[in-house]
Amino acid sequence: MIIYTNTGNPFGLKLLVCANLAKKTNVEVKHVTLGDAALGDMKHLPVLQLDSGVQLFSTDVAAKYLLPDEDASKVVQRDEWLEWSSKRLAPALTHNMAVGSRADPNTKPILNTLVKMLDDCLSAGTFLTGDKISSADVAVWSLLAPDGTLKGAVNIDNVLRWYRQISALPEVQSALTVLPLKELSFASLQHSNRFGGLHHIVLNPEIADFEGELLADTSANIAETVQREEMEAARTAFANVDDRAVRDEPRIVLPKPGQKNNLITSALPYVNNVPHLGNIVGCVLSADIFARYSRLCGYNTLYIGGTDEYGTATETKALAENLTPRQICDKYFDIHNSIYRWFGIGFDYFGRTTTAEQTRIVQEIFKELYATGYIETRSVEQLLCQKCDRFLADRFVEGTCPHPGCGYEDARGDQCDGCGKLVNAIELLRPRCKICNTSPVIRDSNQFFLDLPKIEPTLREWVDRSEAGWTHNARVITRAWLKEGLKSRCITRDLKWGIPVPLEGYENKVFYVWFDAPIGYISITSRYCKEWKQWWQPATPETGVKVDLYQFMAKDNVPFHSVMFPASLLAADKGYTLVSHIMATEYLNYEDGKFSKSRGIGVFGNDAQETGIPADVWRFYLGAARPEGQDSSFSWSDLQARNNNELLKNLGNFVNRALVFCEKFFDSTIPAMKLVEEDYTLLALINRELKGYVHQMEKARMRDGIRHLLQISRYGNQLMQSEEPWVKVKGTDDQKARAGTVVGLCCNFACLLATLLFPFMPTTARNMYSQLNVRGGFINSEKPLLRTLLPSGHHIGKPTVLFTKIEDARIDELKQKYGGQQQEKDRSPAPVPAKGFTSLKDAQKAVDEQAAKVRKIKSSGADRTVWQPEVNLLLELKKQLQALSQPRTSESAPTAPPAGGKPAPKQSPAAVVAAASPSTGSSSDPVTVKALEDQIAQQGNKVRQLKESGSEKSVWQPEVSVLLALKQKLASLTGVPATAPAASGGKKKANKK
């Protein structure tokens with residue numbers, strides 16, 4: 001029996017507890033995503049798979065299956081509570097826990113009513129259906145288990161008694177060791193079904209008939225009511241002033257023995273494009289946020305990035321822009337560098353792969369692999385352009401699609417854009433070099449392969465030890481590769497632009513990009529400092545230095561970092577640092593569509609600078625929308641909501657009020673703070689959020705990190721609203737003192753928030769530090785407890801507003817500007833194909849002109865949506881040309897309208913051809929026949945010239961096929977059978993006897 005669930009899903013805990021209570025010992029919990037193959041078409045989590053293979057996706061049905069109620073009289077009552085938990089309580093809690101644009105202010109009255117119903121029921125019995133626990137109790141308890149579920153719960157003694165009683169059960173405690181309480185979150189439900197959770201369920205306001213407030217805005221929670229130990233820990237910690245001096249980062253960061261050493265990389269982007277928001281959050285921004293957090297914790301942190309500059313992509317872009325590969329690399333390196341600088345990406349070093357260091361290290365690793373027998377040589381068929389004197393990579397060859405029924409003349413060496421099918425370059429008909437337009441020939445070329453099967457056993461052992469620190473999608477992708485069994489992979493290409501192979505006789509070959517690029521992390525580090533081997537070859541047994549390698553990327557880059565790169569380093573066996581944490585994101589879409597530079601759809605790095613929205617707001621939004629568990633979408637409305645609600649109204653409003661009150665009422669000086677019991681309760685709650693923040697950020701779960709820091713801000717706002725220091729400061733001495741305590745606490749909370757916000761919004765955090773008059777902050781990841789950051793007597797700076805509102809009108813402008821409408825409006829539509837060509841010559845001319853236009857557009861690097869209409873037009877023109885080449889008969893000639901003036905129905909070309917037959921006295925068009933005879937003569941000369949030149953069969957055979965097709969057309973017109981072309985060299989074949 002298997003429970004398939006995503007991480008943190010409370011419904012998964014529901015099933016596991018039921019299984020434990022039913023004494024099911026054969027239950028296995030597997031963490032998966034909606035795209036996991038094990039789910040098949042069942043796009044819903046959790047799922048209970050029985051031993052028979054049957055899958056139950058309704059958790060209520062699964063719970064009743066696992067824990068059937070023996071008392072038949074209680075079945076109806078049990079079922080009612082199960083339905084209540086799923087249809088009413090779960091959606092209400094989901095809406096109540098939401099933030100940003102999904103927050104529902106009308107949820108609280110509904111949730112008050114539901115909690116009142118629950119408490120009233122439990123006042124009459126030990127459990128929901130009587131004196132015995134049932135699946136209904138487990139269902140409701142599991143929903144109340146996540147941290148912060150019922151904020152501010154008061155006067156629910158029956159619920160608390162019931163909750164603690166269930167929590168103490170050994171079956172529940174056993175389940176929590178598998179699905180820890182601290183990982184449970186309603187945010188996980190966003191990744192549990194195709195609807196994005198339970199937000200699509202509209203709450204019924206009519207059920208809010210309880211006028212009391214069981215959920216007051218005082219920020220307690222039901223999951224872990226504040227214990228005396230927590231309050232004492234909060235009291236002790238806050239009594240200590242955090243007077244640590246801010247550590248200045250050394251000029252060169254090196255790993256140290258006995259300390260946490262984090263080496264962080266972000267995937268190296270190709271220098272053939274401008275990065276869009278999905279590219280940015282997928283690697284460089286995510287890595288930067290984590291690196292900043294890592295430094296706050298005092299870890300020795302080195303963040304390396306750069307651009308991937310070798311390979312076919314660069315040569316293709318250079319050809320399209322009429323530049324050299326070096327010029328393309330320089331151009332786009334500067335573009336990437338400037339965009340990342342604007343976004344505040346704090347690389348320790350941002351380099352590139354076209355360096356002498358890269359060449360040296362790549363060649364050294366290759367020599368090590370070659371010497372240890374992990375390199376093998378194989379012969380590979382490739383197209384050779386004799387005029388350019390180079391083998392052609394897939395992107396450098398075009399020709400006629402070989403797939404039957406297509407015939408598209410501009411198919412690429414890897415795919416045909418006419419029919420969409422994959423193509424092998426050597427199978428193209430009439431292939432031509434994209435550079436010089438001449439016909440290439442097929443030649444065998446010896447290439448080097450990395451023998452992955454030989455290293456596979458060692459790689460598998462390493463994956464088993466290391467994958468615990470990887471994101472779920474990285475584990476799934478890697479296991480899929482290993483499950484199929486690794487095959488040797490070619491690591492060289494016959495190209496000009498790349499690192500040459502350092503072996504005699506192979507100087508004209510370069511290394512393939514997947515082998516070369518990941519080594520760029522090492523070579524860029526070597527550009528950063530001469531002691532680079534301390535990071536990449538630390539010799540841990542001798543030095544005591546342990547390096548943790550964190551690599552950030554989108555999921556499409558996972559195999560190169562989890563299989564290819566580690567396999568190369570393991571085979572080299574030189575003690576290289578291997579990745580311990582692969583942090584792979586899913587994809588970020590644009591308003592539920594795809595980013596497209598050529599169509600003007602989506603926000604690219606340079607566009608973000610032109611919106612007038614600060615870089616920090618972009619960083620915060622992308623961190624909050626980061627596609628961590630499944631694909632997510634950029635939304636202008638969501639960006640506006642997060643800025644106006646979470647930043648402006650919540651965080652910005654709280655910080656500004658705290659500092660303004662300190663300036664106005666206490667002369668910009670932190671007043672004396674005399675805390676009461678309620679304050680220590682609040683500190684304990686803030687410490688919970690601080691612990692949650694650290695726990696999530698250690699795993700690079702940035703969305704949840706933001707959720708925890710915003711909750712601290714909400715606590716501060718609630719304290720401010722409930723205590724009203726602006727009123728108390730005008731009252732008695734005791735009231736003034738209380739106002740001082742509240743303002744002092746809030747200023748300390750603001751200082752904590754500046755530190756927690758720093759990884760996401762460094763410029764804003766520095767502004768907050770300036771207003772608070774402090775140099776910076778720290779995070780104690782081992783003991784995350786709030787200490788006094790601003791003691792009494794500390795002078796703050798001048799308060800200023802942190803954020804500004806983004807108006808609806810501005811959002812509407814940006815939606816229109818980056819939605820592609822303007823580009824679509826300006827683009828002239830593809831011309832409608834002309835009808836009724838009078839001759840083959842005119843039709844052929846139109847086809848040739850349109851084909852040239854298609855080639856020109858595609859060579860410019862335009863998006864498919866730009867050239868696809870032109871391709872469609874070309875295909876239509878070719879159909880007309882083909883129809884015109886068919887025989888004309890009396891049936892296909894224009895006819896006079898019948899009586900009544902209505903024209904006769906038009907026949908399709910296929911119908912016309914089917915009706916025509918040379919044996920029935922067909923009359924052929926002399927003009928058409930003459931044109932075909934001229935074409936046949938020209939094509940025959942071409943075939944003879946190719947054969948006489950000694951060309952290979954792969955060159956002249958496609959031309960022979962064209963000649964035969966032309967002759968067949970002529971035969972259809974005239975009724976005279978077509979003759980086959982003469983054999984090569986004019987020699988006759990001997991008759992068989």
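Here the structure is a predicted model, which means the values were calculated and not measured. Excluded from the calculations below are hydrogen atoms, water molecules and symmetry mates; all remaining heavy atoms, backbone and side chain alike, are included.
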Measuring from atom CG of Leu622 to atom CG of Leu588, what distance do you get when rounded to the nearest 0.5 angstrom? 7.0 Å
Here the gap from Ile335 atom CD1 to Asp330 atom CG, rounded to the nearest 0.5 Å, amounts to 11.0 Å
Tell me whether the rings of Phe350 and Phe333 are parallel (<30°), tilted (30 to 60°) or perpendicular (>60°). parallel
Which word best sums up how the rings of Phe448 and Tyr370 line up, parallel for under 30°, tilted for 30 to 60°, or perpendicular for over 60°? perpendicular
How about His561 and Phe552: are their ring centroids closer than 6.0 Å? no
Going from OG1 on Thr585 to CG on Asn473, what distance comes out if it is rounded to the nearest 0.5 angstrom? 7.5 Å
Looking only at the side chains, is there a donor atom on one of Arg326 and Thr354 sitting less than 3.5 Å from an acceptor on the other? yes
Between Asp464 and Arg460, is there a salt bridge with N-O shorter than 4.0 Å? no
Counting heavy atoms not belonging to Lys454, are there more than 12 under 6.0 Å from its NZ? yes
Side-chain contact test, heavy atoms from C-beta onward, threshold under 4.5 Å: evaluate it for Leu277 versus Asp607 and give yes or no. no
Give, for atom OH of Tyr270 and atom CD1 of Ile328, the distance between the pair rounded to the nearest 0.5 Å. 15.0 Å
May I ask you to decide if Thr324's main-chain N or O and Gln327's side chain share a donor-acceptor pair within less than 3.5 Å? yes
Could you go step by step and tell me if Ile435 and Leu319 meet the side chain to side chain contact (heavy atoms under 4.5 Å, CB included) rule? CA-CA 8 Å; Ile435 301 172; Leu319 184 65; 4.3 Å; yes
Check Arg443 with Asp494, please: is the shortest side-chain N to carboxylate O separation under 4.0 Å? no
Heavy-atom neighbours of Asp334 CG exceed 12 at 6.0 Å: yes
Please round to the nearest 0.5 Å and tell me the distance separating atom CD of Glu357 and atom OG1 of Thr525. 11.5 Å
Do Gln363 side-chain atoms and Pro500 backbone N/O form a donor-acceptor pair below 3.5 Å? yes
Is any NZ, NE, NH1 or NH2 atom of the basic residue among Arg412 and Glu398 found under 4.0 Å from an Asp or Glu carboxylate oxygen of the other? no
Taking every non-hydrogen atom, the tightest pair across Val545 and Thr540: O-OG1, 2.7 Å
So, does Thr478 use its side chain to make a donor-acceptor pair with the main chain of Arg475 at under 3.5 Å? no
My understanding is that only one of Asn262, Asn300, Asp548 makes a side chain to side chain donor-acceptor pair (under 3.5 Å) with Ser294; could you say which? Asn262
Quick one: does any side-chain atom of Gln537 pair with a main-chain N or O of Lys574 as donor and acceptor, under 3.5 Å? yes
Flag side-chain contact, heavy atom, 4.5 Å: Val510 against Ile499: no
Side chains of Val284 and Tyr303: does their closest heavy-atom pair fall under 4.5 Å? yes
Check ion pair Arg352-Asp308 (N to O, under 4.0 angstrom): no
Between the main-chain N or O of Val463 and the side-chain N or O of Ser466, is there a donor-acceptor pair closer than 3.5 Å? no
Quick check: do Ile455 and Asp451 have side-chain heavy atoms less than 4.5 Å from each other? no
Do the ring planes of Phe604 and His276 sit parallel (below 30°), tilted (30 to 60°) or perpendicular (above 60°)? perpendicular
Mind telling me whether Phe515 and Phe511 have parallel, tilted or perpendicular rings, with 30° and 60° as the class edges? tilted
Okay, side chain of Arg626, backbone of Arg701: is any donor-acceptor separation there less than 3.5 Å? no
Verdict with supporting geometry, Val501 and Phe366, side chain to side chain contact (heavy atoms under 4.5 Å, CB included): CA-CA 8 Å; Val501 175; Phe366 170 76; 4.0 Å; yes
Test ring-ring contact (aromatic ring centres under 6.0 Å, His included) applied to Phe565 and Phe560, step by step: CA-CA 6 Å; Phe565 186 38; Phe560 304 108; over 10 Å; no
CD-CZ distance between Glu484 and Arg479, expressed to the nearest 0.5 angstrom: 14.0 Å
Does a side chain donor of either Gln551 or Asn557 reach within less than 3.5 Å of an acceptor in the other side chain? no
With no hydrogens and no angle check, is any side-chain donor or acceptor of Ser632 less than 3.5 Å from a backbone partner on Ala625? yes
Ser266/Ser286 under side chain to side chain contact (heavy atoms under 4.5 Å, CB included): CA gap, chis, key distance, verdict: CA-CA 8 Å; Ser266 55; Ser286 295; over 6 Å; no
Check: Arg619 side chain, Phe343 main-chain N or O, donor-acceptor pair, under 3.5 Å: yes
Measure from the side-chain N and O atoms of Arg703 to the backbone N and O of Gly623, and report whether any donor-acceptor pair falls under 3.5 Å. no
Between His336 and Tyr332, does the ring centroid distance fall short of 6.0 Å? no
Thr265 versus Ala287, closest heavy-atom pair with distance: O-CB, 4.2 Å
Quick check: does any side chain N or O of Glu427 sit under 3.5 Å from a backbone N or O of Ala425, one acting as donor and the other as acceptor? no
Going by ring pair (Phe, Tyr, Trp, His ring centres under 6.0 Å), Trp497 matches just one of Tyr310, Phe396, Tyr512. Which one? Tyr310
Lys699 and Met583: side chain to side chain contact (heavy atoms under 4.5 Å, CB included), yes or no, with the steps? CA-CA 9 Å; Lys699 297 183 178 181; Met583 302 304 186; 5.6 Å; no
Give a yes-or-no answer on whether the side chains of Glu376 and Ser488 include a donor-acceptor pair shorter than 3.5 Å. yes
Residue Asp389 excluded, over 12 heavy atoms near CG under 6.0 Å: no
